[in-house]
Participant: 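There's a structure below that I have some questions on.
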Amino acid sequence: MRFDILTIFPGFFESPLKCSLIGKALLQKKLSVYLHDIRAFATDRHKTVDAIPYGGGAGMVMKPEPLVAAVESVPRQEKSLRILLSPKGTLFDQKMAKELAQKDQLILVCGRYEGVDERVKELAIDEEISIGDYVLNGGEAAALVIVEALVRFIPGFMGNEASVQRESFEEGLLEHPQYTRPAEFRGLKVPQVLQSGHHEEIEKWRREQALKITQERRPDLLKKVAKEIKNA
Ligand code: ADE
């Protein structure tokens, strides 16, 4: 899978892309990430990428010319989607991650300032996505979140394919609690059933725990699962 990230801060991505599984996948070419500096597409002497909003108001708006030129400069693959990260977008979730992971290429456009000129969306964007109901300084952190959520679906990325399947949200529920050695730590014991080796009992316990924790913390998810089952 290929990601093209358009940003005025390419340096933002340097260390996260070097670390951990993503760094390894990049070296192994299971994944490619290309960073494009939007400022390089500004044509004036000062390399201007923003301007004051028409109609007045606080803050600056990203100008359309450098942004559209930057998007248009990216070579397109067959299954490719141009995404603008913005707090006004459709809310990103695990289901969307799974769908987007089917693409060959995502072009992630990081907005900054008060937003981008509306015409950019018409000319050079297919979808607007938000990672949550809060406002970030720009789309860069959101783009990283999307890369990180999607790469987990790349075959061979995780090393252990089963762990992608079992995780929180994969069945619409939060994940059951996890324990590792030692069996007792500061007086706190690992539940007996997990040490029993009895696979059916363990599965049952995990399922019950997943339901319990989801009910306590995210009853909205349970309602969503119930609705999906009803409509299936
Ligand atoms: N840019 C600013 N806030 C954002 C958010 N919540 N999601 C995506 N991009 C953003």
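Order of listing sets the numbers, starting from 1, for every ligand and every atom in it.
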Participant: Under 4.0 Å from any heavy atom of Ala142, which atoms of ligand 1 are there?
Facilitator: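 The list of qualifying atoms is 8 (C), 9 (N).
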Participant: With a 4.0 Å cut-off on heavy atoms, is Ser86 in contact with ligand 1?
Facilitator: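 So Ser86 counts as touching ligand 1.
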Participant: Give the intermediate values and the outcome of side-chain contact (heavy atoms from CB on, under 4.5 Å) for residues Phe41 and Val68.
Facilitator: CA-CA 9 Å; Phe41 293 86; Val68 169; over 6 Å; no
Participant: Step by step, would you call Leu100 with Leu81 a side-chain contact (heavy atoms from CB on, under 4.5 Å)?
Facilitator: CA-CA 9 Å; Leu100 292 177; Leu81 203 65; 3.7 Å; yes
Participant: For a quick test of reading the model, state the closest non-hydrogen atom pair linking Pro66 to Thr48 and the distance between them.
Facilitator: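 The answer is CG-O, 3.9 Å.
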Participant: Looking only at protein heavy atoms, which one is nearest to atom 7 (N) of ligand 1, and what is the separation?
Facilitator: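 I find the closest protein heavy atom is Ile131 N, 3.0 Å.
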Participant: Applying side-chain contact (heavy atoms from CB on, under 4.5 Å), run through Leu173 and Leu221 and close with a yes or a no.
Facilitator: CA-CA 7 Å; Leu173 299 179; Leu221 290 179; 5.8 Å; no
Participant: Checking the N or O distance criterion of under 3.5 Å, is ligand 1 in contact with Val135?
Facilitator: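 N/O-N/O distance below 3.5 Å does not exist for this pair.
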Participant: Taking 4.0 Å as the limit for heavy-atom contacts, which would you say applies to Ile129 with ligand 1: side chain only, backbone only, both, or neither?
Facilitator: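 It is the backbone that gets close, since no side chain atom is under 4.0 Å.
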Participant: Of the protein's non-hydrogen atoms, which lies at the shortest distance from atom 3 (N) of ligand 1, and what is that distance?
Facilitator: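 The closest heavy atom on the protein side is Leu136 N, 3.0 Å.
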Participant: How far apart are the C-alpha atoms of Glu228 and Lys224, what are their side-chain angles, what is the distance that settles it, and do they pass the salt bridge (charged side-chain N to carboxylate O under 4.0 Å, His left out) test?
Facilitator: CA-CA 6 Å; Glu228 276 169 16; Lys224 207 162 133 191; 5.5 Å; no
Participant: Check Met96 against Ile129 and note the closest heavy-atom contact, atom names and distance.
Facilitator: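 Closest approach of Met96 to Ile129: SD-CD1, 3.7 Å.
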Participant: Quick test: of every protein heavy atom, which one is nearest to atom 6 (N) of ligand 1, and how far off is it to 0.1 Å?
Facilitator: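 Going by distance alone, atom 6 (N) of ligand 1 is nearest to Tyr134 O, 2.9 Å.
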Participant: Can an N or O of Asn137 be found at a distance shorter than 3.5 Å from an N or O of ligand 1?
Facilitator: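 No, there is no polar N/O contact under 3.5 Å.
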